[in-house]
Amino acid sequence: MSGLGTIDELPPDYRQALSASNVLPLWPSLRAALPYDKPARRARPVAWRYRDLRPALLRAGELTPIEKAERRVLVLSNPGLGPDAMRAAPAIFIGLQLILPGEFAPNHRHSPSAVRFVIEGKGGYTVVQGEKLPMEKGDLILTPSGLWHQHGHEGKEPVIWLDALDLPTINTLEASYCVEGEPQAIRNEPDASQTRFRRAGLLPYQALETAPARYPLLRYPWREVREALHSLSGVTPTGKAVQLAYVNPETGAECMPILGFSALMLRPGETVAPPRRSTSAVLHVVEGEGEAEIDGETLAWSESDTIAVPTHADVRLANRNPRKPTYLFQVDDAPLQKKLGFYEVLN
Ligand code: 1HN
């Protein structure tokens with residue numbers, strides 16, 4: 001693999017002496033740590049089919065009461081990242097969470113940042129710092145680092161959502177921890193998407209006179225995202241991605257510090273080949289059916305499936321339905337890569 005030698009070429013007494021001093025030679029591992037031209041990727045393209053996950057999640061509802069689980073979550077584990085990896089992609093934790101009618105997931109806050117993307121069911125809600133955020137299919141709900149959050153369910157059917165967290169990065173930093181709290185007092189007013197931030201381009205005037213808030217908007221209703229995708233599609237040439245980024249309305253920057261979120265629309269029969277990027281990503285199907293071709297591997301998808309896309313991958317996304325659009329929700333680690341200065345669009 002390289003001209004740098006292997007650990008076995010070194011005399012045993014030398015290796016033992018290094019090891020006894022808690023020291024390693026770099027050169028046998030240098031090329032693995034720093035490969036030429038392209039990262040050595042362990043994460044694989046993977047599809048998790050909702051028709052397989054849903055029964056398993058409902059069974060977890062029978063097996064494990066919420067009081068015991070705290071959060072009833074099945075974790076999407078990318079097999080390339082090891083047998084028990086709590087990672088769908090290198091920097092992305094994805095879980096599917098179930099909450100049953102009448103259940104309450106207790107108030108806590110933690111150092112990792114999380115978002116929820118609602119898959120099915122009516123009547124679920126999350127409370128963040130006293131703000132009650134209704135959860136309808138396709139809504140994006142933010143629970144940023146350090147903010148109190150609890151979940152509840154006032155409906156009749158199971159509610160299932162996708163959790164996306166920056167947990168892998170926070171864990172690598174050995175900085176992940178959680179604090180429990182008393183149930184929050186809920187403010188009796190609609191969430192900010194219905195009051196302060198009714199439409200893009202308009203801000204409460206006061207926002208111009210103070211420093212921008214870090215997390216002014218915590219809920220992005222799907223109804224509005226879907227409508228905006230349709231409007232954007234009218235001015236986007238066929239084959240070009242119709243894609244909207246979820247941003248902080250006061251700064252225009254990505255809404256969370258490590259993970260980025262966007263919504264994509266593939267028009268009936270359309271294929272889109274986005275440029276290769278240095279980020280990894282997870283795609284979740286909101287509606288529609290089609291195929292992803294990732295580094296030559298074809299993965300079929302239908303509604304509520306979830307797909308992992310490794311870094312530097314060649315990707316083609318095809319909507320196989322000739323009559324209906326497909327909508328995808330994308331999570332990536334672009335905000336972190338941009339902050340670290342190595343984000344690249346490769347072609
Ligand atoms: C968490 O706090 C939630 O609050 C969901 O709903 C998933 C996965 C790992 C660590 C914390 C939640 C989580 C989590």
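Atoms within each ligand, like the ligands themselves, are counted from 1 in listed order.
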Any salt bridge between [X] and [Y], counting N to O under 4.0 Å?
{"X": "R223", "Y": "E136", "answer": "no"}
{"X": "D332", "Y": "R277", "answer": "yes"}
{"X": "R44", "Y": "E297", "answer": "no"}

field: Closest to atom 4 (O) of ligand 1 (judged by heavy-atom distance), picking from H110, E70, R71
entry: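 Shortest heavy-atom distance from atom 4 (O) of ligand 1: R71.
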
When you compare the side chain of [Y] with that of [X], does any pair of heavy atoms fall below 4.5 Å?
{"X": "L218", "Y": "P144", "value": "yes"}
{"X": "L58", "Y": "P158", "value": "yes"}
{"X": "W222", "Y": "F329", "value": "no"}

message: Which residue and atom name correspond to the protein heavy atom nearest atom 10 (C) of ligand 1, and how close is it?
response: L165 CD2, 3.9 Å

query: Does R116 reach ligand 1, in the sense of a heavy atom lying below 4.0 Å from it?
result: yes

- prompt: If you count the atoms of ligand 1 from 1 in the order shown, which ones are under 4.0 Å from a heavy atom of H108?
  reply: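 That gives atoms 2 (O), 4 (O) of ligand 1.
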
message: Using a 4.0 Å cutoff against the non-hydrogen atoms of D163, which atoms of ligand 1 qualify?
response: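 Answer for ligand 1: 5 (C), 7 (C).
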
Min N/O separation W161 to ligand 1 under 3.5 Å: no

query: Between H151 and ligand 1, does any nitrogen or oxygen pair lie at a separation below 3.5 Å?
result: yes

